[in-house]
Every structure is written in C-alpha cells, then in structure tokens.
Amino acid sequence: MPAVGQSVPRKDAWDKVTGKTQYVDDLSAPGLLYAATVRSPVAYGKLHGLDTAAAAAFPGVVRILTAKDIPGRNINPLVLDDQVFLAETEVRYWGEPIALVVAETSEAAYAAAELVKADITPMTPVLSIRDALKLDAPRLYKGDNVFSSYTIKRGDAAAAFAKAAKIYEREYETPYQEHAYLETNGMMAIPGAEDQMTVYGSMQCPFYVHDAVSQILGLPRNKVRIVQTATGGGFGGKEDFPSVVAGQAALAARVLGRPVKLIFKREEDIIASSKRHPSLVRMKVGVDRDGKLVAADITYYIDAGAYATLSPIVLWRGTVHALGPYVCDHVLIRSYAMATNKVPCGAYRGFGSPQVIFASESLIDEIAADLQIDPVELRRRNGLTLGAKTVTGQTIDQSCGLSETIDKATAAAEWAKKWKPPTARTGKVRPGIGISTIYYGVGLGAGGKHLDRAGASMTIMKDGTVFCAVGNTEMGQGARTVLSQIAADALGAPYEMVNVIEADTAYVPDSGPTVASRTTFMSGNALVAAGRELKGRLLPVIAEKLGATSPDEVDLVDGFGIRKSEPAGTKIPYLDLVKEMYQRRLLPSSFGWYVAPNTEFDKETGQGDAYFVYSWCTNVAEVEVDTETGEVRVVRITSAHDMGRAINPQQVEGQIEGGTLQGMGYCTMEEIRHDAQGKLLNNAFATYILPTMEDVPELRPIIVEHPYSEGPYGAKGFGEVPLMGIAPAIANAVYNATGRRIRILPIKPEKLV
Ligand code: MTE
Ligand code: MOS
C-alpha cells in the first residue's frame with residue numbers, strides 16, 4: 001500500500017511543535033465572559049444554601065449560577081445517570097462543583113469564587129473500598145454501596161480447586177492514577193440566534209458532550225453543536241468529564257446570552273476530574289503439577305467515587321480481563337464498583353484492566369517462582385492460542401499473536417541469558433528481569449455494543465484534495481494521521497491530499513466514544529467504506545478513458561487510474577479524474593457507516609464473545625534495585641505488540657513509548673493521597689510525582705502483525721495496550737532482583753526497604 005504501513009509524517013506535528021496549534025484557551029469571542037467553579041469544602045454533607053453576597057459584590061462579577069438556574073435536567077447523562085452538574089441539596093465529594101461565578105475576567109471569577117460561603121452540615125464520609133464494604137457503612141448508593149457488579153462463571157471452580165495440585169491465594173492493591181494530560185480541561189460556549197448553542201473544547205467524546213449540553217439546557221439536539229478543538233491529551237480522562245465542563249459553560253452562556261469560557265487550572269483539574277480507579281483484587285488460583293491453571297476464583301473491587309459515571313463499563317472490561325490471556329476451564333470472577341465520597345473515577349488507558357493485570361500477572365509470577373518454573377515457560381504453557389477458549393468461553397479464531405510477542409520480546413531482551421532466580425542475585429545494587437503477557441479486547445465489546453458504530457464522510461474538492469470528517473477524535477494518539485492514510489488508500493488518492501478534520505457533531509452522526517482503542521478500527525472501516533464508494537464512482541470514468549470494457553478491469557491506486565492487468569501501462573492521473581468528476585457533475589461526496597462485528601455476553605453467567613478481536617502484548621522489564629535505599633531504576637523495557645497491522649509504524653512506536661512511561665509511573669511513583677476527611681492532598685505536579693525525561697529507560701518497541709480479517713488493512717487497534725502490562729513486568733523484575741514481592745502499588749523506595 002502506498003500510505004498504509006508507511007511512517008508518513010504526522011499531520012498535526014509541525015504546528016504542535018512550533019506552537020501554532022490553537023487549543024481552546026487560545027480562542028476568544030466578542031463579549032467573552034469567564035467562569036470559575038465554587039467547590040465543596042467537605043467530602044460528604046447536606047447542602048442548605050449559599051451566601052453569595054460578598055462574591056456578587058466583587059468587581060467584575062456578572063452572575064453567580066447554581067443548580068436552580070438550570071433550565072433542563074441537572075444530570076450528566078451516562079450509564080446510571082446520577083452525576084449532577086451542580087450540587088443541589090447534598091455534596092458527595094471534596095471539590096464537587098456547587099456554583100459557578102461568571103465574571104468579566106478569569107481572575108475576578110476565581111477571586112470571587114473564594115468568597116462564596118456554602119452552608120453545609122458535614123456527614124461521615126466513606127473513603128475507601130474496605131470502608132464502603134462495611135456492614136455499618138453510610139449508605140451512599142442503594143443498600144450495599146455497589147454501583148454495579150458482574151459475574152463470570154465457567155465450569156465448576158469449586159470442584160476444580162478440590163483436585164488442584166496447589167492453590168495460591170493473594171491480595172493485590174492498586175492506587176489512583178491521574179491522567180496528567182498536558183492541556184487541562186476547558187470549554188468555550190457560544191450562544192447563537194434561535195436558541196443555538198455551540199461549544200468548543202478539549203474532549204474525547206463529542207457525542208457525550210452533545211448529550212450533556214442538550215440535557216442541561218433542555219434544548220433539542222439539532223440546536224446544539226459540539227466542536228472539538230485540538231486536544232492536548234486525553235488518555236481516558238476526557239471521556240466523560242468534559243461533558244460536565246461543557247454543560248456548565250453552556251449553562252452560563254445560555255443564561256447570560258454571552259460567550260463563556262470555563263478553563264481549569266491544573267490544581268482543580270487534579271481535584272475534580274476523573275482518575276484511574278483504585279482497586280482491591282483477591283486472587284485464588286489452582287494449578288496442576290505442570291503449572292497449568294485449573295481453577296480460578298477472583299474478586300475485583302474498584303473505588304468508583306461519588307457517582308457511577310463510567311464505572312460500570314470500566315468494571316466490565318476489568319472483569320473480562322481478570323485472569324489475563326490464559327486458558328482455564330473453571331473460573332469464577334466477581335466484580336464490584338463501590339461508591340465512596342471521593343472524586344468519581346473513570347476511564348484511563350486500559351479502562352479497568354491495568355488493575356487486574358497487575359494482580360494476575362504478579363500471581364502468575366508468584367506461581368512460577370514457587371514451582372521453580374521459568375516465568376516465560378509458565379506463560380507459554382497457559383497462554384491462549386488459536387482455537388483456545390477465553391474465560392468467557394470465546395474461541396480465539398484468528399489474529400492471535402501472543403506467542404510471537406513472547407518469542408520476539410524475550411529474544412530481544414535476551415531473557416534466556418539474563419534470567420536467574422533471585423537467590424543468585426547478590427551485591428548492593430542488583431539486576432532483575434520480569435515479564436508480563438497480556439491481551440486486550442478491542443472496541444466496546446458486548447458491554448457497549450449498542451454504541452459500537454462509526455461514520456465518516458469524504459468529499460473530493462475541486463482541486464483534488466480530500467476532506468474527511470469522522471466521529472472519533474485526535475487527542476495526540478495520531479488518529480488524524482492514521483485515518484488519513486487509510487482514507488488515502490481506500491480512495492486511491494495521495495496521502496498528502498487527504499485531510500481528516502477534528503470531530504464536529506454537525507458533520508457526522510453519533511459514532512460512539514473515542515475510547516477502547518477503537519478509532520483506527522471503527523473510523524478506519526467507515527473511511528474504507530466511504531473511500532470505496534467514491535472510488536466506485538470514478539471507476540467507470542477510468543474504464544472509459546483506458547478503453548476497458550468494464551469498471552472491474554480498472555482501479556485507482558496511489559493517485560493513478562490503471563488497468564489491473566497492466567499496472568505499469570497507461571495511467572490516468574488522479575487530478576484528471578477529479579476534473580472529469582466535476583465536469584460530469586458526479587457526486588463528489590460519500591458517506592461510510594461501519595457497525596462493529598457482533599458480540600454477545602450473558603449477564604448471568606458472563607459467557608459469550610466478549611469482544612470481536614483481541615490485541616496481544618508481551619513486556620520484558622529490566623531493573624536495577626539498590627537494596628540499601630530501595631530505589632528501583634528501570635533500565636530497559638522491551639515490548640512486543642500485535643495490533644494486527646501497523647498502519648503507521650512510527651506512530652505505533654510512539655504509542656508504545658508513551659504508554660510504557662505511563663505504566664512505569666503507575667508502578668513506581670504515582671499516588672493520590674487524601675486526608676482523614678477526604679480532602680485530596682497532592683493536587684500539583686510538585687506533589688503528584690510523574691516520570692520525567694530523567695526517568696526514561698531504554699525503550700524497545702517491537703511490532704508483531706497478525707492481521708484481523710475485519711480490520712482496515714488488517715488493523716485491530718491497540719492504543720491503550722502499551723500501558724497495561726508495564727506495572728507487573730516491573731514488579732516481577734523487582735522480585736527477580738530482590739526476592740521481595742510488592743503487592744500494593746506503587747513500589748516506592750520506603751516500601752521496598
Ligand atoms: N496517546 C496520546 N498521545 N494521547 C492520548 O490521549 N489516549 C489513549 C491512547 N493513546 C491517548 C493516547 C487512550 S486511553 C485510548 S482509548 C486510545 O489512545 C484512543 O485512541 P485510538 O482509538 O486511536 O487507539
Ligand atoms: Mo481510553 S481509557 O479507552 O479513553
């Protein structure tokens with residue numbers, strides 16, 4: 001293919017690195033006002049009212065808005081529909097928005113917000129999974145504080161445990177993780193004539209924002225338009241939360257009839273936006289004498305925070321992935337999303353699976369150590385292969401690169417040469433090597449299949465350039481580039497002439513969220529459909545010009561109309577065809593619509609085809625541990641990924657490198673702390689510690705391609721996978737260096753010592 005498979009230059013790279021790109025806070029509008037949020041000073045309490053007198057008198061303040069000003073419904077529509085845009089009679093987490101101050105300047109809005117006094121009777125908050133589970137815990141949600149739960153039941157786990165040669169029971173815990181995207185949340189809402197409202201901003205999911213804005217304003221959807229601006233990173237953190245920001249900005253704009261900007265400072269973004277769920281995972285696994293998994297009983301809890309938001313979906317993915325990419329016929333998995341009085345958690349790269357993967361990949365390593373089997377060998381014995389069944393009873397029928405990723409990653413990392421048991425490691429600073437093998441169901445799967453469709457429009461302009469609109473977003477992952485490559489080859493036009501613009505709800509119908517690594521596959525397939533339709537309109541012209549008897553004999557490839565039988569023969573340049581297209585008044589536009597392959601999931605048993613396809617990955621981490629200080633230096637990480645087909649190998653490597661660093665931070669540094677009243681303590685990058693350039697180890701990305709028959713040119717999608725298995729690979733390497741197993745992340749020096 002001329003474009004697909006090539007590391008063509010990224011569409012957005014030049015403007016981003018030269019600072020030309022306009023993010024939402026760079027935009028302005030005549031009469032613009034600025035909003036700031038008044039936040040709850042307690043984690044849980046009854047809200048009786050607000051004293052706004054001092055704030056209203058502050059110079060520059062235009063209006064203070066509360067839930068009472070909402071013309072539509074005060075609920076961000078999502079799964080359980082429980083999160084309010086502004087608190088009404090109750091506050092449920094520290095930092096929850098209770099009012100908006102709108103002023104002529106951002107400074108005035110923020111200063112006045114400090115002056116609003118909330119009359120609140122505090123109540124005892126629930127601050128952890130363990131507290132939420134207590135029988136006498138305050139009831140935040142229904143009778144048991146459980147927002148949602150799932151069960152996977154396969155075979156007879158109890159009977160299989162009775163026959164197991166050995167049984168391992170362990171408990172693992174993982175912390176919050178903050179997305180730390182470079183651009184904080186922000187929106188600008190502009191009211192128009194005839195009740196129209198346009199919202200510009202940083203987001204992953206314009207259609208969720210569309211739902212939210214039309215709901216809070218009580219406006220029909222055809223009056224609301226959402227335009228994504230260049231988005232400086234999302235990582236899942238801009239999946240549901242931007243709906244709240246957009247709803248609030250739109251509320252102010254609607255009430256005041258003027259454009260309003262609501263841009264978050266870093267501190268409030270860390271306090272108020274979603275994060276990765278903390279988790280508690282109880283694993284019980286039985287093996288036979290050869291280390292084959294014969295029974296598993298897993299209980300997975302996530303700390304959802306004060307509102308359900310995306311937790312039911314995050315939990316479902318974690319449940320399906322809880323045992324990892326292994327064969328086991330007798331499995332019981334139960335999972336629970338627990339309500340607590342903390343900021344609602346949501347999507348973060350991996351979507352509920354990095355937590356369970358840390359547990360299961362650590363346990364596999366513990367089993368290997370106990371049975372004195374090489375951890376690589378144990379994984380090979382148990383790994384899913386073509387024809388094998390997953391824990392949901394799904395047969396892996398194609399595109400399974402797991403064993404090749406194991407081969408390639410371990411060969412590149414020289415595992416056989418470097419691996420020794422911990423007892424053979426001596427000295428103050430000890431080397432260690434660890435592995436993780438993982439899989440990932442691409443797309444929304446059976447849990448969200450009603451949303452799993454995508455559209456794309458394509459227009460050949462008079463000058464031959466191609467304008468495409470899709471329903472998924474660019475947030476740094478390279479989507480606009482990769483989709484342009486797919487569009488170019490589907491149509492047969494040169495890559496340089498194709499432009500895929502940022503998402504805009506006016507251009508494409510609801511195409512679902514930009515999550516679950518689904519963009520390349522879903523929007524890619526929609527563009528393939530659009531490109532083929534448009535090309536189909538040009539083929540008769542090509543046939544006529546080349547004297548062929550039927551359009552079937554010709555093709556349009558890489559900017560030339562050709563005869564398939566003699567590709568090197570006479571060619572018609574694409575631009576000549578465009579001229580013909582316009583002269584003959586042929587429709588120069590097309591629309592592609594793609595519906596994901598079917599998936600099924602029985603809610604009672606958890607059996608079925610959970611996802612239409614899986615991506616596979618093996619990570620090998622090499623560390624050096626200072627046994628006196630407990631410091632872990634990650635020296636090298638080798639990651640082999642099967643994403644079906646690398647549409648743009650350089651972008652694939654970029655995804656692997658970035659995701660790996662996020663996984664490294666998750667394992668060794670990142671942690672959110674709360675005080676005993678539920679106040680979030682580390683709301684700045686001085687106190688929320690992330691990997692920096694200084695910490696970057698040697699990274700070795702390896703591409704493995706097992707094409708997927710349904711994918712655009714074989715691609716499956718894998719944007720989240722690079723993060724997912726890094727924490728256990730490092731933890732296993734730390735064990736290998738020291739003989740010490742850390743089961744509660746992060747692995748900080750003081751803990752290791
Ligand atoms: N890479 C960058 N640079 N920025 C991001 O925000 N988000 C990740 C991943 N890689 C992200 C990223 C997440 S959480 C997802 S779901 C996928 O990209 C989404 O993009 P895709 O569908 O194109 O893979
Ligand atoms: Mo990604 S967590 O699915 O936005």
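Everything quoted here is computed from the prediction, not taken from an experiment. Along the sequence shown, residues are numbered consecutively beginning with 1. Numbering of ligands and ligand atoms starts at 1, following listing order.
Of the N or O atoms in Tyr348, none lie within a sub-3.5 Å distance of an N or O in ligand 2. Between Ala516 and ligand 1, no pair of N/O atoms sits closer than 3.5 Å. At under 3.5 Å, not a single nitrogen or oxygen of Met475, backbone or side chain, sits near a nitrogen or oxygen of ligand 2. Considering backbone and side-chain N/O of Gly234, one or more are found under 3.5 Å from N/O of ligand 1. Considering backbone and side-chain atoms together, Ala479 places no N or O closer than 3.5 Å to any N or O of ligand 1. The shortest N or O to N or O distance between Gln204 and ligand 2 is under 3.5 Å.
Residue, atom and distance of the protein heavy atom nearest to atom 8 (C) of ligand 1 are Arg349 NE, 3.9 Å. In terms of protein heavy-atom proximity, atom 15 (C) of ligand 1 is nearest to Glu720 CG, 3.7 Å. For atom 19 (C) of ligand 1, the closest heavy atom belonging to the protein is Met475 CE, 3.5 Å. In terms of protein heavy atoms, atom 11 (C) of ligand 1 is closest to Phe235 CD2, 3.4 Å. At the top of the distance list for atom 24 (O) of ligand 1, counting protein heavy atoms only, stands Ser517 CA, 3.5 Å.
Figure legend: cation-pi geometry between Lys11 and Tyr495, with NZ or CZ positioned under 6.0 Å from the six-membered ring centre and within 45° of its axis. For the pair Arg276 and Tyr666, the cation-pi test (distance below 6.0 Å, angle within 45°) is passed. The cationic atom of Lys716 (NZ for Lys, CZ for Arg) does not lie both less than 6.0 Å from the six-membered ring centre of Tyr614 and within 45° of the ring axis.
Remark: ligand 2 atoms within the under-4.0 Å shell around heavy atoms of Gly236 are 2 (S), 4 (O). Each of the following atoms of ligand 1 lies closer than 4.0 Å to a heavy atom of Gln655: 1 (N), 2 (C), 3 (N), 9 (C), 10 (N), 12 (C), 18 (O). Which parts of ligand 1 touch Gly236 is read off a 4.0 Å heavy-atom cut-off, strictly below it: atoms 14 (S). Applying the 4.0 Å criterion to heavy atoms of Ala516 picks out, from ligand 2, the atoms 1 (Mo), 3 (O). Remark: ligand 1 atoms within the under-4.0 Å shell around heavy atoms of Gly233 are 6 (O). Distances below 4.0 Å separate heavy atoms of Arg349 from the following atoms of ligand 2: 2 (S). Contact atoms of ligand 1 toward Gly719: 9 (C), 10 (N), 24 (O) (distance under 4.0 Å to a heavy atom of the residue). Taking every non-hydrogen atom of Phe351 and a distance limit under 4.0 Å, the qualifying atoms of ligand 2 come out as 2 (S), 3 (O). When each atom of ligand 2 is checked for a heavy atom of Val515 under 4.0 Å away, the hits are 3 (O), 4 (O).
Residue-level proximity to ligand 1 for Val515 is carried by the backbone, the only part with a heavy atom below 4.0 angstrom.
Shown here for Pro712 and Ile647, the closest heavy-atom pair between the two residues is O-CD1, 3.7 Å.
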- Go through Glu720 and Arg349 one step at a time and tell me if the salt bridge (Lys or Arg N to Asp or Glu O under 4.0 Å) criterion holds. CA-CA 5 Å; Glu720 295 162 279; Arg349 208 169 189 171; over 6 Å; no
- Query: Checking ring pair (Phe, Tyr, Trp, His ring centres under 6.0 Å) for the pair Phe264/Phe241: CA distance, chi angles, key distance, verdict?
  - Reply: CA-CA 12 Å; Phe264 277 40; Phe241 188 69; 5.7 Å; yes
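Taking all heavy atoms of Thr519, Val721, Thr514, Leu723 into account, the minimum distance to atom 22 (O) of ligand 1 is reached by Thr519. Comparing Met643, Gln477, Lys716 against atom 18 (O) of ligand 1, the shortest heavy-atom distance belongs to Gln477.
Screening Val442, Thr599, Ile396 for a side-chain contact (heavy atoms from CB on, under 4.5 Å) involving Val613 leaves a single residue, Val442.
Between Tyr440 and Trp616, the distance from one ring center to the other does not fall under 6.0 angstrom.
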